[in-house]
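All figures in this text were calculated on a predicted structure; none of them were measured in a lab.
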Amino acid sequence: MKPSFKTTTLIAAIGMIVYALYIVARYIIYYAYPTAYCFDLWIDIRTRLIFDSLPISLIIAVIGLYKKRPIDAMKSFLFLTVCLFIALIGTLVFSSIYTYYHSIWPPFCWRMILLVAGIVWLFMLRKQPLEDATPRSYQVILIIAMTLLALPIILEAISGLALLCGNEHVLGLKSYSIKTWVKYIAPVLLLSQFIPFRTKLKGIKLKENAIIPD
């Protein structure tokens with residue numbers, strides 16, 4: 001395993017830890033001292049930058065995996081992958097109960113569980129044996145995941161630039177709503193490439209394509 005892959009994975013994990021700590025601190029402060037929302041441009045920019053640390057961390061993780069893929073992964077890693085995959089699918093399906101204005105907001109404790117599981121998954125990923133050769137379909141899925149994660153950040157940047165250039169209204173462009181969806185959809189796409197049944201199917205295909213000597 002090359003140090004560059006370990007470095008990108010570690011950066012992604014640290015970014016998710018920073019995001020999780022901020023979310024917890026923000027939740028505790030607002031729960032203990034509830035205050036009315038008052039828009040301030042620079043506070044809004046700072047908050048959005050911290051919120052963007054999650055999709056940026058996921059993008060970094062995807063970049064590290066673009067030319068690498070776990071092979072013969074440990075059972076504990078595969079088990080966590082399946083559990084996290086199912087949990088994210090369930091979040092997307094059942095979060096309509098907590099939905100407001102086309103955004104999805106799972107319960108706070110559930111979001112923390114997913115974050116902690118994601119951080120542990122990244123640290124476990126660093127210890128897995130990797131292969132350099134990756135199929136085109138795998139890379140296409142990763143590109144789609146990165147594009148989804150980058151979309152709300154780009155829309156935020158457009159809105160911010162418009163405001164700084166004198167536009168009287170924040171464009172919004174629904175970037176915040178989109179972000180609430182893609183931060184669950186993109187990991188589902190990523191994890192789908194590592195769940196055990198794909199490994200089994202790959203093994204079966206290799207056996208079928210093997211040339212049996214006479």
[X]: ring pair (Phe, Tyr, Trp, His ring centres under 6.0 Å) partners, not counting sequence neighbours:
X      : value
Tyr184 : none
Phe108 : Tyr27
Tyr19  : none

Less than 4.5 Å apart, side chain to side chain, heavy atoms only: is that true for [X] and [Y]?
X      : Y      : result
Leu58  : Met16  : yes
Ile195 : Leu78  : no
Lys183 : Pro152 : no
Val182 : Leu151 : no
Val188 : Leu92  : yes
Gln128 : Met74  : yes

Between [X] and [Y], what is the shortest heavy-atom contact and its length?
X      : Y      : value
Ala12  : Leu122 : C-CD1, 3.9 Å
Ala117 : Leu80  : O-CD2, 4.0 Å
Met112 : Ala20  : SD-O, 4.4 Å
Val62  : Met146 : CG1-CG, 3.3 Å
Leu84  : Gly118 : CD2-CA, 4.1 Å
Leu189 : Ser192 : O-OG, 2.6 Å

[X] side, atom [atom1]; [Y] side, atom [atom2] - distance, nearest 0.5 Å:
X      : Y      : atom1 : atom2 : answer
Trp181 : Ile178 : CH2   : CD1   : 12.0 Å
Ile144 : Gln139 : CD1   : CD    : 12.5 Å
Leu142 : Ser137 : CG    : OG    : 9.5 Å
Leu10  : Ile17  : CG    : CD1   : 8.0 Å
Ile141 : Leu191 : CD1   : CG    : 12.5 Å
Lys6   : Lys127 : NZ    : NZ    : 9.5 Å

ask   = Should Leu130 and Ile71 be marked as a side chain to side chain contact (heavy atoms under 4.5 Å, CB included) after you check the CA-CA gap, both sets of side-chain angles, and the distance that decides it?
value = CA-CA 5 Å; Leu130 300 172; Ile71 184 173; 5.7 Å; no

Quick one: do [X] and [Y] end up in the same hydrophobic cluster if we chain Ile, Leu, Val, Met, Phe, Trp and Tyr together by side-chain heavy atoms under 4.5 Å apart?
X      : Y      : result
Phe194 : Leu125 : yes
Ile11  : Val120 : no
Tyr22  : Ile153 : no
Leu21  : Tyr30  : no
Phe5   : Phe77  : yes

query = For residues 77-96, which residue pairs qualify under salt bridge (charged side-chain N to carboxylate O under 4.0 Å, His left out), counting only residues two or more places apart or in two chains?
reply = none

Residue pairs passing the salt bridge (charged side-chain N to carboxylate O under 4.0 Å, His left out) test where at least one lies in residues 110-120, sequence neighbours excluded = none

Anything under 3.5 Å between a donor and an acceptor, one on a side chain of residues 49-56, the other on a protein residue two or more places apart or in another chain? List them.
residue: Asp52; atom: OD1; partner: Lys179; partner atom: NZ; Å: 2.5
residue: Ser53; atom: OG; partner: Ile50; partner atom: O; Å: 2.4

ask   = Is the NZ or CZ atom of Arg136 both under 6.0 Å from the centre of the six-membered ring of Tyr138 and within 45° of that ring's axis?
value = no

inquiry  = Could you walk me through whether Trp105 and Thr180 satisfy the side-chain hydrogen bond (donor to acceptor under 3.5 Å, both in side chains) test, starting with their C-alpha distance in whole Å, then the side-chain angles of each, then the deciding distance to 0.1 Å, before giving a yes or no?
reply    = CA-CA 7 Å; Trp105 287 98; Thr180 64; 5.6 Å; no

